[in-house]
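What follows is a single structure, written as structure tokens, with notes after it.
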Amino acid sequence: MAVVVALAFVFVVMFPVPSPVRALSSNYYDHTCPHLESIVTSAVKKAMSNDKTVPAALLRMHFHDCFIRGCDASVLLNSKGKNKAEKDGPPNISLHAFYVIDEAKKALETSCPGVVSCADILALAARDAVFLSGGPTWDVPKGRKDGRISLATETRQLPAPAFNISQLQQNFAQRGLTIEDLVALSGGHTLGFSHCSSFQNRIHKFNATVDVDPTMQPSFAAKLRSVCPAHNRAKNAGSPLDSSNLVFDNAYYKLLLQGKSIFSSDQALLTTPKTKALVSKFASSQEAFEKAFVTSMIKMSSLSGGQEIRLDCRVVR
């Protein structure tokens with residue numbers, strides 16, 4: 001759930017907050033589109049063979065979709081005219097791999113036209129991204145509908161990389177997600193990469209007295225500072241989110257305990273006894289992490305969303 005910029009938390013309460021969807025079912029398409037899951041998996045595998053960053057992109061895309069108006073594929077919609085869509089909001093500028101969903105949708109419209117929502121495709125693609133990166137798999141409850149509203153201004157609802165623990169807890173609680181969900185879903189940072197702008201606050205001018213966040217392991221901080229100098233001009237400069245960023249594992253939690261986390265919001269998980277205990281639990285047991293992650297993913301991906309089945313995932317007709 002890494003995002004590009006930190007925005008003022010006070011705006012969060014201004015927008016609609018999603019609630020759990022009703023009537024989702026793992027066998028929702030068994031009769032209407034029996035080959036759905038294999039078609040989506042095939043699209044994800046094909047994309048991964050050409051671009052190893054695809055799994056992280058799909059997982060992040062699903063998070064960012066669900067946290068705004070629920071899991072309704074509004075993150076996929078293109079801006080139109082004066083309406084700037086979610087994908088063009090500051091935290092979403094670096095989202096990519098939308099074409100994977102397009103390819104799956106195209107194949108599904110041939111196999112079972114007008115049946116499968118873009119929101120369900122994205123939920124399945126995120127699950128496949130985790131599994132194909134060495135993580136767990138799970139039955140994805142299906143039956144989501146696609147939304148018609150996508151506003152860039154609402155991306156300020158996304159949890160930002162500079163959030164402290166109280167901001168994170170409140171942000172998740174508004175979506176019916178617990179502290180356990182917060183710590184487990186943060187483990188999604190085991191996949192992916194962050195640009196310098198998302199952690200610059202920790203390695204330059206941290207506060208009035210120190211330049212670098214003192215909770216950071218010194219040699220790790222020095223390495224980040226060399227990649228991201230104070231006046232960095234390299235557009236693609238940044239850091240992997242953990243030491244095995246193409247593999248879904250529990251390295252994120254182990255590194256967090258060693259002072260080698262990237263975001264302030266990662267480090268924030270060590271600032272309360274309960275969240276720190278969960279970090280330690282997941283660091284010591286990949287099995288415990290995977291079990292908790294699956295439970296929280298199903299919970300998050302069940303947040304309610306739209307009303308229709310979009311024929312083109314990027315356009316409302």
May I ask you to decide if [Y]'s main-chain N or O and [X]'s side chain share a donor-acceptor pair within less than 3.5 Å?
X: Ser49; Y: Lys46; answer: yes
X: Arg148; Y: Arg317; answer: yes
X: Lys105; Y: Arg310; answer: yes
X: Ser150; Y: Ala85; answer: no
X: Lys87; Y: Val75; answer: no
X: Gln286; Y: Asn250; answer: yes
X: Ser296; Y: Ala292; answer: yes
X: Asp146; Y: Ala119; answer: yes
X: Tyr253; Y: Gly187; answer: yes

Checking Gln169 against Leu182 for the side chain to side chain contact (heavy atoms under 4.5 Å, CB included) test, could you report, in this order, the C-alpha distance in whole Å, the side-chain angles of both residues, the deciding distance, and whether it holds? CA-CA 7 Å; Gln169 285 180 241; Leu182 164 62; 4.2 Å; yes

Can you give me every donor-acceptor pair (side chain of residues 120-133, partner residue at least two apart or in another chain, under 3.5 Å) with its distance?
residue	atom	partner	partner atom	Å
Asp120	OD1	Gly143	N	3.4
Asp120	OD1	Arg144	N	3.2
Asp120	OD1	Arg144	NH1	2.6
Asp120	OD2	Tyr29	OH	2.6
Asp120	OD2	Ser117	OG	3.4
Asp120	OD2	Gly143	N	2.9
Asp120	OD2	Arg144	N	3.3
Arg127	NH1	Trp138	O	2.5
Arg127	NH2	Glu37	OE1	2.7
Asp128	OD2	Thr41	N	3.4
Asp128	OD2	Thr41	OG1	2.8
Ser133	OG	Ala129	O	2.7

Run the side chain to side chain contact (heavy atoms under 4.5 Å, CB included) check on Glu109 and Asp312 step by step: do they pass? CA-CA 9 Å; Glu109 286 304 306; Asp312 180 337; over 6 Å; no

Residues forming a side-chain hydrogen bond (donor to acceptor under 3.5 Å, both in side chains) with Gln200, sequence neighbours excluded: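 Not a single residue meets the side-chain hydrogen bond (donor to acceptor under 3.5 Å, both in side chains) criterion with Gln200.
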
For Thr178, all residues meeting side-chain hydrogen bond (donor to acceptor under 3.5 Å, both in side chains), sequence neighbours excluded: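 With neighbours one apart ignored, the set is Glu180, Asp181.
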
Does a side chain donor of either [X] or [Y] reach within less than 3.5 Å of an acceptor in the other side chain?
X: Ser219; Y: Gln217; answer: yes
X: Asn92; Y: Thr155; answer: no
X: Ser94; Y: Arg60; answer: yes
X: Asn245; Y: Thr190; answer: no

Within a strict 4.5 Å, meaning less than it, do heavy atoms of the Arg225 and His204 side chains meet?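 A side-chain contact exists here, since the closest heavy-atom pair is under 4.5 Å.
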
Side-chain contact test, heavy atoms from C-beta onward, threshold under 4.5 Å: evaluate it for Met61 versus Phe98 and give yes or no.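 Result yes, sub-4.5 Å side-chain heavy-atom pair found.
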
With [X] via side chain to side chain contact (heavy atoms under 4.5 Å, CB included) - residues at least two apart:
X: Asp266; result: His189, Tyr252, Leu256, Ser261, Ile262, Phe263
X: Pro214; result: Phe206, Val210
X: Leu246; result: Lys52
X: Asn27; result: Ser25, Asp30

Starting from Leu151, walk the hydrophobic network (Ile, Leu, Val, Met, Phe, Trp, Tyr; side-chain heavy atoms closer than 4.5 Å) and list everyone else you reach, by chain and number.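 So far as hydrophobic clustering goes, Leu151 is joined with Ile149.
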
Under 4.5 Å between side-chain heavy atoms, chaining through other members, with only Ile, Leu, Val, Met, Phe, Trp and Tyr counted: pull out the rest of the cluster around Leu77, sorted by chain and number.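 Result for Leu77 is Val316.
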
Is there any disulfide bond (SG atoms under 2.5 Å apart) pair reaching into residues 78-191, and which pairs are they, with sequence neighbours excluded?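 Matches after skipping sequence neighbours: Cys33-Cys112, Cys118-Cys313.
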
I need the full list of disulfide bond (SG atoms under 2.5 Å apart) pairs touching residues 143-240, with sequence neighbours left out, sorted by first then second residue.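 The answer is Cys196-Cys228.
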
More than 12 foreign heavy atoms under 6.0 Å from CG of Asn83: is that the case here?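 Check passes, neighbour count above 12.
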
Set of residues satisfying salt bridge (charged side-chain N to carboxylate O under 4.0 Å, His left out) with respect to Asp213, sequence neighbours excluded: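 Partners of Asp213 under the salt bridge (charged side-chain N to carboxylate O under 4.0 Å, His left out) test: Arg202.
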
Before accepting this row, confirm whether a basic side-chain N of the pair Glu287/Lys291 lies closer than 4.0 Å to the acidic partner's carboxylate O.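 No, no charged N to carboxylate O under 4.0 Å.
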
Check this for me: does any side-chain nitrogen of one of Asp211 and Lys205 sit under 4.0 Å from a carboxylate oxygen of the other?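 Salt bridge flag = no for Lys205 with Asp211.
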
Please determine whether residues Val115 and Val315 belong to a single hydrophobic cluster, defined as Ile, Leu, Val, Met, Phe, Trp and Tyr linked transitively by side-chain heavy-atom distances below 4.5 Å.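 In one cluster with Val115: Val315, no.
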
